Each structure stands twice: as C-alpha cells, then as structure tokens.
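Structure in structure tokens, see below.
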Amino acid sequence: MVSKKGKLHTKKLEKDDIIVVDTKMAKKSVIATAVGNAMEWFDFGIYSYLAVILGALFFPEFSGPLQLVFSFATFAVAFLVRPFGGLFFGMLGDRLGRKKILAITLIIMAIATLAIGLIPTYDSIGITAPILLLTARLVQGFSAGGEYSGAMTYIAESTADKKRGFLSSGLEVGTLVGYITGAGIVTLLTFLLGSETMHEWGWRIPFFIAAPIGIIGFYLRNNLDETPAFESQEEEDNQESKASLKNIFIHHRKSLLIGLGLVSFYNTVYYVILTYMPSHLNAVLGYGDTKGLLLILVVMVIMIPFVLMAGYFSDRIGNKKIILFGLSGMIVLSIPSFILIGSGNNWLVFFGLMILGALLASFQGIMPSLLPSLFFTEVRYGSLAITYNVATSVFGGTAPLVVSWLISVTMSRMVPAYYIIFASIIGIVIVALFVVETSGKSLRGQPPAVEKKQEIHDVLEEPEEALWWKDEKREITERKDDENK
C-alpha cells in the first residue's frame, strides 16, 4: 500500500498514506540485495587478499613493504572514480528507480573482475600489465560507486520502520559473506596449490569465478520489485522536484556534511581492519599467506552475529548509543589489541583481531539503516552515493595505502592502532553532536511504514511524531519557492 494523496508535508497524515510492508517481500528484498552485495564485494575484495601476490607479479621492480605500497596504490586508485560512478548511478537511481541500477552495477563489476584474471603479468608484457590492471580497477571502482549506496537505499525503503535496523544489517552480512568467500577461496587455493603455484597461475582463479556469480546476481536483482517509497514519490512528484545536483548541494547540504563525516570514520576503521590486516599479518608481522588469511576469515565469520545483534538492538535502544559504544571501545582497546596481534602467539593474535572485529561490528550493523535516513526520498540514492563514495575514496580506500606507507616511514607496527583511534575520536564528535536518532521512525520524506494493518491506528494517534521530518521538508520547499519567485 502506498500513498496516492498529495505531498505529506502540506497535509494531514491519513490512513491511506501509511505504507503496509509485505513482510515476505521485505525479506525477499533483503536476501536478494544482500546476496547481490555479497557477490559484488567478493569481486571487489579478492584484490585485497591477493595484494601481496599481485604486488610481486605486477610491480617486480620493487620489494618488501614498498612493493605492497604500490599494490595498494592500485587498489586505492579505484576509489578515485567511485564518486563519479556514485554520481552517475545515484542520479539515475533517483530518476529511473533503484532496482534497475543495482542490476547494472553488478554486471559491470563482474566483467571488470573477470578481466583482471585475464591480464598477463609484468614479465610477459612489461609496463602494459600494471596499466591494464589499473584500467580494470578503475572500472570496478566506477561500478562500486553505485552499488552500496543503492543497496542501502533499496533495503531501507523496503522495510517497516520498527525493523529497519535489523533487516538493513543483513546488507552488511552480505558484505561479510562476500569477503569471507573471497578470503576462503584464496586461502583454500593457497593451501592446495602452494605459494609457488599461486604466484604462477593460481591467483587468476578467484577472478574467473566473477563471471558465473555475476549472472546469478543479475538474475536475483532484476527480479526484485521497486521500493514502495520510490513508487510513492513517483506518483507525487513533478519534473521540477526531480533529483538534481543543484537541489542536493543547495537544499541538502547539512545532511551531506553529516553523511561525509559518518562514512569517513566508518570506512577508515573498516578498511584498516578488514582490508589492510591480511597484508599486515603477512608483510609486516611475517605470517605465512595461509595463516594470516585464515585468522581474518574466522574473525569475519564470528562478526556476522555481532552485526545482526547491532541492527536488532538499534531498533530497540537507538542507533546512536550503539555506535558511541563501539567507537569508545575502539579508542580504549585498539592499542591493547595491536599489542596482542604483534605478540606472535596465535591465540593472542586471534583474540586481538576478534576485539577489533566485534567493536567494528557494533556500528557496522547500524550504518545501512542510519545513512539512508539522512536524506529525503527524492534525493536519497544520489545524495547517499555522493556522500558515501567521496568519503570512502578520500578516507576508506586510501587507508591501507596510508597505513602501509606510514609503517614503512616510521617502522612502527602500532600505526594502524593510532589511525583507528584518531578516526574513532572524530566519529564520536560527529555522532554525539550532529546525528538525529531515527531508529523506529519513518525515513525523511517517506510515509510511515508498518508491518501490520493493526499498527496504522497507533501511528495516526501521533501524526506529528510519525512525520517528524515535516518542518524540515517545509523549510526546504519554502526556500525553493523563494528561489523561483
């Protein structure tokens, strides 16, 4: 059920405005989007797990930590085009619909990933090899620019308000499953084939897997329904209110800045722990290829229930409290965790990684529901794509490169801990001072979404609470009217 009335911010909330979410369809949407996201991040993530091997094959003129720096530089450069991909796909998503764009981004990612597996090494074609690798990474980055922001938007708009936190956390489960699958395949191949064979041709196999999983993901996403919120918006909007860069940057600037801050600290911590750490264990601490990857793999598996718990409890006690808890834990426990990681004892190393993983999960499960709530429906996909990808490119994607470079300069193994602490302090300030609690509330610009028709009566008893964003929307509308006079 979607609204067929006029704009909610100019009229009284009525029964027909309230969206009754089909529970089965909501779960189907979450599963299909999460599965597709898992496939996307499998494609994107296996590069980081093969960074040491790729560094040796494509940058043989360098050695040791410096070789790793160049390998991660190629990893990071893909993030430079993510904002452009986010802008392109995000604006299309606000105009054409969420599901179409999500299917397209998955296919592009699969093709680019398959291409990496086909590139000859430096020994075969010289400098052309790293150039081709760079090109494929740029295509991956362009595709990823529209992926995650679209997935967040789709799930947030397809679920009931009181379950948005828990169901949206399923998206991060998909991300972890993608990384786990990538890490598992690389670890298994390294164990079965050995290091020498992996360097010769075994490294190509994970990239070849991209083709069939891309087809599966495309099928799943292409068979999704459009979100009720977007359909409702389509019925209400005229051409002048369609998403535009001018609209986003002038009338939604505050939300953009808050989103940039949130994504910056989140992705800095995320990429240091889940993307950089396998190479840190290998190149810096001297662990073998298999052992370092296996430790991270086990940690990510254990993180899955923590992510779901964070989403579940965010619907009950609020997302701000959980995020602040996780960030505070990062500040206090990062240094002790890296002391354990550097101890050389397998159990202590695992315990140190697990502490960081559990704390990361405490706000990883929150972000997919919090970030979409910052923006109004008509600009949500585009705004979120710009916000997420700019911040990810500047802070997240460069984190492994910056950390590995700082270690090579300072020769200190504690650099990752200091980097996490710095990002967490910034995060606490942003969340405490600027983030509005939205757990259990309707998304900005969207009618309340309930799971059962019986809940409609309760919503109508407190219409101002249900449309908490009404005054903010009215102010934006008035500013637009003044500009058009």
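Keep in mind that what you see is a predicted model, and the values were worked out from it rather than measured.
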Exercise for review: Report the distance from atom OG1 of Thr175 to atom CD of Gln364, rounding to the nearest 0.5 Å.
Suggested key: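 So the gap between those two atoms works out to 7.0 Å.
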**Study point:** Non-hydrogen atoms of Ser404 and Tyr276 that approach each other most closely
**Key:**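 Taking every non-hydrogen atom into account, CB-CE1, 4.0 Å.
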Practice item. Give the intermediate values and the outcome of side-chain contact (heavy atoms from CB on, under 4.5 Å) for residues Met91 and Ile248. Key: CA-CA 10 Å; Met91 301 304 290; Ile248 291 173; 3.9 Å; yes
Check your understanding: Are any of the side-chain heavy atoms of Ile426 and Thr268 separated by less than 4.5 Å?
Key -> no
Which pairs of donor and acceptor atoms, one on a side chain in residues 164-171, lie under 3.5 Å apart (sequence neighbours left out)?
{"from": "Arg164", "atom 1": "NH1", "to": "Asp161", "atom 2": "OD1", "distance (Å)": "3.1"}
{"from": "Arg164", "atom 1": "NH1", "to": "Lys441", "atom 2": "O", "distance (Å)": "2.9"}
{"from": "Arg164", "atom 1": "NH2", "to": "Thr438", "atom 2": "O", "distance (Å)": "3.1"}
{"from": "Arg164", "atom 1": "NH2", "to": "Lys441", "atom 2": "O", "distance (Å)": "2.7"}
{"from": "Ser168", "atom 1": "OG", "to": "Arg164", "atom 2": "O", "distance (Å)": "2.8"}
{"from": "Ser169", "atom 1": "OG", "to": "Phe166", "atom 2": "O", "distance (Å)": "2.4"}

Check your understanding: With sequence neighbours excluded, what pairs up with Ser442 under the side-chain hydrogen bond (donor to acceptor under 3.5 Å, both in side chains) test?
Key ->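 Result, side-chain hydrogen bond (donor to acceptor under 3.5 Å, both in side chains) vs Ser442: Trp469.
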Review point. Trp203 vs Phe207 aromatic rings, parallel, tilted or perpendicular, using cut-offs 30° and 60°?
Key: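 Geometry flag for Phe207 against Trp203: perpendicular rings.
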Review point. For the atom pair CG (Leu356) and CE (Met330), what is the distance rounded to the nearest 0.5 Å?
Key: 5.5 Å
Check your understanding: Heavy-atom distance under 4.5 Å between the side chains of Ile341 and Leu281, does that happen here?
Key ->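 Yes. Closest side-chain heavy atoms under 4.5 Å.
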Practice item. Please check if atom OH in Tyr419 has more than 12 non-hydrogen atoms from other residues, nucleotides or ligands closer than 6.0 Å. Key: yes
Exercise for review: Check step by step if side-chain contact (heavy atoms from CB on, under 4.5 Å) holds for Val81 and Arg137.
Suggested key: CA-CA 10 Å; Val81 298; Arg137 288 288 301 148; over 6 Å; no
Exercise for review: Would you check if the side chain of Arg444 reaches a backbone N or O of Phe375 as a donor-acceptor pair within less than 3.5 Å?
Suggested key: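 A pair under 3.5 Å: no.
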Point to revise | Min side-chain heavy-atom separation Leu406-Tyr418 under 4.5 Å | key: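 No, their side chains stay 4.5 Å or more apart.
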Study note, to complete from the structure: Heavy atoms of Ser149 and Thr153 approach each other most closely as O-OG1, 2.8 Å
Review point. Does the side chain of Val390 come within less than 4.5 Å of Val263's, by heavy atoms?
Key: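 SC-SC contact between Val263 and Val390 ruled out.
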Practice item. Would you indicate whether the side-chain heavy atoms of Val30 and Ser158 approach each other to under 4.5 Å? Key: no
Point to revise | Heavy-atom side-chain proximity of Leu106 to Leu102 below 4.5 angstrom | key: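 Result no, sub-4.5 Å side-chain heavy-atom pair not found.
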Review point. Under 3.5 Å, is there a donor-acceptor pair between the side chain of Ser143 and the main chain of Gln140?
Key: no
**Study point:** Check: Leu359 main-chain N/O paired with Ser362 side-chain donor or acceptor under 3.5 Å
**Key:** yes
Exercise for review: State, to 0.1 Å, how close Pro416 and Val403 come at their nearest heavy-atom pair, and which atoms those are.
Suggested key: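 Taking Pro416 first and Val403 second, the nearest heavy atoms are CG-CG1, 3.6 Å.
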Point to revise | Separation between CE of Met152 and CD of Glu157, rounded to the nearest 0.5 Å | key: 12.0 Å
Point to revise | Atom pair CG (Leu374) and CG (Leu257), whose distance is rounded to the nearest 0.5 Å | key: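 Answer for the CG-CG pair, Leu374 versus Leu257, is 11.0 Å.
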Check your understanding: Hey, does Leu274 have a side-chain heavy atom less than 4.5 Å from the side chain of Leu176?
Key ->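 Yes. Closest side-chain heavy atoms under 4.5 Å.
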Check your understanding: Can Ile46 and Ile209 be said to form a side-chain contact (heavy atoms from CB on, under 4.5 Å), step by step?
Key -> CA-CA 11 Å; Ile46 52 178; Ile209 297 174; over 6 Å; no
Exercise for review: Quick one: closest heavy-atom pair of Lys320 and Val431, and the distance?
Suggested key: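 Minimum heavy-atom contact is CE-O, 3.2 Å.
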Point to revise | Donor-acceptor pair, side chain of Glu437 and main chain of Ser439, under 3.5 angstrom | key: yes
Review point. Rounded to the nearest 0.5 Å, how far apart are CZ of Phe84 and CG of Asn389?
Key: 11.0 Å
Review point. What heavy-atom pair brings Ala361 and Val307 nearest, and what distance separates the two atoms?
Key: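 It is CB-CG2, 3.7 Å.
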Point to revise | Shortest non-hydrogen contact from Ala136 toward Ile119 | key: CB-CD1, 4.5 Å
**Study point:** Within 6.0 Å of CZ in Phe208, more than 12 heavy atoms from elsewhere
**Key:**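 Buried by this count: over 12 neighbours within 6.0 Å.
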Exercise for review: Name all pairs fulfilling the ring-ring contact (aromatic ring centres under 6.0 Å, His included) condition that reach into residues 90-144, sequence neighbours left out, sorted by first residue then second.
Suggested key: Phe88-Phe142, Phe89-Phe142
Point to revise | Any residue meeting side-chain hydrogen bond (donor to acceptor under 3.5 Å, both in side chains) with Ser337, in chain and number order, not counting sequence neighbours | key: none
Can I get a per-line list of side-chain donor-acceptor pairs under 3.5 Å for residues 123-131, giving both atom names and the distance, sequence neighbours left out?
none

Point to revise | Any residue meeting side-chain hydrogen bond (donor to acceptor under 3.5 Å, both in side chains) with Thr181, in chain and number order, not counting sequence neighbours | key: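 Thr181 satisfies side-chain hydrogen bond (donor to acceptor under 3.5 Å, both in side chains) with no other residue.
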Exercise for review: Evaluate the ring planes of Tyr148 and Tyr388, with Trp represented by its six-membered ring, and classify them as parallel (under 30°), tilted (30 to 60°) or perpendicular (over 60°).
Suggested key: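 Aromatic pair Tyr148/Tyr388 classed tilted.
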Review point. Backbone N or O of Tyr381 within a donor-acceptor pair of the Asp94 side chain at under 3.5 Å?
Key: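 Such a contact is found between Asp94 side chain and Tyr381 backbone.
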**Study point:** Chi angles and distances behind the side-chain contact (heavy atoms from CB on, under 4.5 Å) call for Leu262, Thr387
**Key:** CA-CA 9 Å; Leu262 289 172; Thr387 296; over 6 Å; no
Review point. What's the spacing between Leu327 CG and Phe363 CZ if we round to 0.5 Å?
Key: 5.0 Å
Check your understanding: Can you find a heavy atom in the side chain of Leu295 that is under 4.5 Å from one in the side chain of Met277?
Key -> no
Point to revise | Lys99, NZ: over 12 other non-hydrogen atoms inside 6.0 angstrom | key: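 Above 12, so yes.
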